[in-house]
**Q** 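Next up is a structure, given as structure tokens.
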Amino acid sequence: QVQLVESGGGLVQAGGSLRLSCAASGGSFSVSAMGWFRQAPGKEREFVAAITWNGRNTNYADSVKGRFTISRDNPKNTAYLQMNRLKPEDTAVYYCATVTGDIGTMEGWYDYWGQGTQVTVSS
């Protein structure tokens, strides 16, 4: 059974930065695509970023392009989301997810999910 644990969330002022981590265990991390999603209060969960198993290809939501960077360290079984120039509208619970296969932007594409980490950006 794959387990994903997110960390690194917190409270930050607008314009600041945070780095989220997603530690994976129990599966084949090195051959699995990783994705980050977020859910703001009262809204549906939305795609943020994804990265292929080898890190060569990434995909970003338009709302975070140029500000967020997804990466991974396969020997450490960990994926990251570096978030810069944060805005109040980035406030949400951030989830990582994984699938044994290619990257996707839809929730249903991913097989396993973490419990989420709260990111709050104050204005």
Side-chain angles (χ1 to χ4, degrees):
Q1 183 76 8
V2 175
Q3 290 190 325
L4 302 175
V5 179
E6 302 95 336
S7 62
L11 174 64
V12 63
Q13 288 187 333
S17 298
L18 283 174
R19 188 176 81 155
L20 305 184
S21 299
C22 174
S25 61
S28 301
F29 179 84
S30 62
V31 296
S32 299
M34 299 296 297
W36 286 96
F37 290 74
R38 67 186 182 186
Q39 188 169 21
K43 295 187 177 181
E44 293 186 351
R45 191 153 54 182
E46 64 176 3
F47 170 77
V48 175
I51 188 168
T52 53
W53 67 273
N54 57 8
R56 291 179 182 173
N57 292 309
T58 57
N59 193 5
Y60 295 94
D62 288 343
S63 58
V64 306
K65 278 182 182 176
R67 299 189 298 123
F68 291 12
T69 303
I70 189 171
S71 62
R72 63 190 298 157
D73 185 337
N74 284 350
K76 293 184 177 180
N77 286 355
T78 303
Y80 303 97
L81 185 67
Q82 178 67 43
M83 306 186 295
N84 298 328
R85 305 201 312 273
L86 282 160
K87 304 175 182 180
E89 50 263 45
D90 294 318
T91 295
V93 177
Y94 283 71
Y95 300 88
C96 66
T98 186
V99 61
T100 304
D102 207 350
I103 58 176
T105 62
M106 305 298 289
E107 281 189 65
W109 182 251
Y110 292 85
D111 297 322
Y112 299 98
W113 292 80
Q115 293 300 305
T117 185
Q118 176 71 47
V119 171
T120 303
V121 184
S122 63
S123 58

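Since we're looking at a predicted model, the values are computed, not measured. Residue indices begin at 1 and follow the sequence shown.
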**Q** Could you tell me which non-hydrogen atom of Asn84 sits nearest to which non-hydrogen atom of Ser17, and how far apart they are?
**A** OD1-OG, 2.9 Å

**Q** Taking the ring centre of each residue, are Phe37 and Trp113 less than 6.0 Å apart?
**A**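 Yes, the ring of Phe37 comes within the 6.0 Å limit of the ring of Trp113, centre to centre.
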
**Q** List for me each residue that meets side chain to side chain contact (heavy atoms under 4.5 Å, CB included) alongside Lys65, sequence neighbours excluded, and say none if there are none.
**A**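 Side chain to side chain contact (heavy atoms under 4.5 Å, CB included) check on Lys65 returns Tyr60, Asp62.
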
**Q** Please answer: with hydrophobic residues joined when any side-chain heavy atoms are less than 4.5 Å apart, are Trp36 and Val119 in the same cluster?
**A** yes

**Q** Can you tell me if Arg72 uses its side chain to pair, donor with acceptor, with the backbone of Thr52 under 3.5 Å?
**A**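 Such a contact is found between Arg72 side chain and Thr52 backbone.
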
**Q** Going from CG on Leu18 to CD on Gln82, what distance comes out if it is rounded to the nearest 0.5 angstrom?
**A**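 So the gap between those two atoms works out to 8.5 Å.
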
**Q** With the 4.5 Å side-chain cut-off for hydrophobic clustering, are Tyr112 and Phe29 part of the same group?
**A**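 Yes, same cluster.
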
**Q** Hey, is the main chain of Asn74 close enough, under 3.5 Å, to the side chain of Trp53 for a donor-acceptor pair?
**A**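 No; judged by distance alone, with no hydrogens or angles, the pair does not exist.
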
**Q** Within this structure, what is the CD-CG distance for the pair Gln3 and Asn77, rounded to the nearest 0.5 Å?
**A**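 So the gap between those two atoms works out to 12.5 Å.
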
**Q** So which heavy atom on Ala33 is nearest to which on Ile103, and how close?
**A**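 Ala33 and Ile103 have their closest heavy atoms at CB-CG2, 3.7 Å.
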
**Q** With a 4.5 Å cut-off on side-chain heavy-atom distances among I, L, V, M, F, W and Y, is there a chain of contacts connecting Phe47 to Tyr95?
**A** yes

**Q** Taking all heavy atoms of Leu86 and all of Arg67, pick out the closest pair and write down the distance.
**A** CA-NH1, 3.8 Å

**Q** Of all heavy-atom pairs between Thr91 and Val121, which one has the smallest distance, and what is that distance?
**A** OG1-N, 2.9 Å

**Q** Please say which of Met83, Glu6, Gln118 ends up in a side-chain contact (heavy atoms from CB on, under 4.5 Å) with Tyr94.
**A**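 Exactly one pass, corresponding to Met83.
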
**Q** Might you point out which heavy atoms bring Leu4 and Ala24 nearest each other, and give the distance in Å?
**A** CD2-CB, 3.5 Å

**Q** Quick check for you: to the nearest 0.5 Å, what is the distance between Thr105 atom OG1 and Tyr110 atom OH?
**A**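 Those atoms lie 7.5 Å apart.
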
**Q** Which pairs with one or both residues in residues 2-121 pass disulfide (SG to SG under 2.5 Å), sequence neighbours excluded?
**A** Cys22-Cys96

**Q** So for atom CD, which belongs to Gln39, do other residues, nucleotides or ligands contribute more than 12 heavy atoms lying within a distance under 6.0 Å?
**A** yes

**Q** At what distance, to the nearest 0.5 angstrom, does OG of Ser123 lie from CD of Gln13?
**A** 9.5 Å

**Q** Going from CZ on Phe68 to OG on Ser63, what distance comes out if it is rounded to the nearest 0.5 angstrom?
**A**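 Here the rounded value is 7.5 Å.
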
**Q** Looking only at non-hydrogen atoms, find the nearest pair between Leu81 and Ala49 and report the distance.
**A** CD1-CB, 4.2 Å

**Q** Would you sort out whether Glu107 and Glu44 count as a side chain to side chain contact (heavy atoms under 4.5 Å, CB included), showing the intermediate values?
**A** CA-CA 11 Å; Glu107 281 189 65; Glu44 293 186 351; 5.8 Å; no

**Q** Given Thr98 and Asp111, is the side chain to side chain contact (heavy atoms under 4.5 Å, CB included) satisfied, shown in steps?
**A** CA-CA 6 Å; Thr98 186; Asp111 297 322; 5.8 Å; no

**Q** Working to the nearest 0.5 angstrom, can you tell me the gap between Thr78 OG1 and Leu20 CG?
**A** 12.5 Å

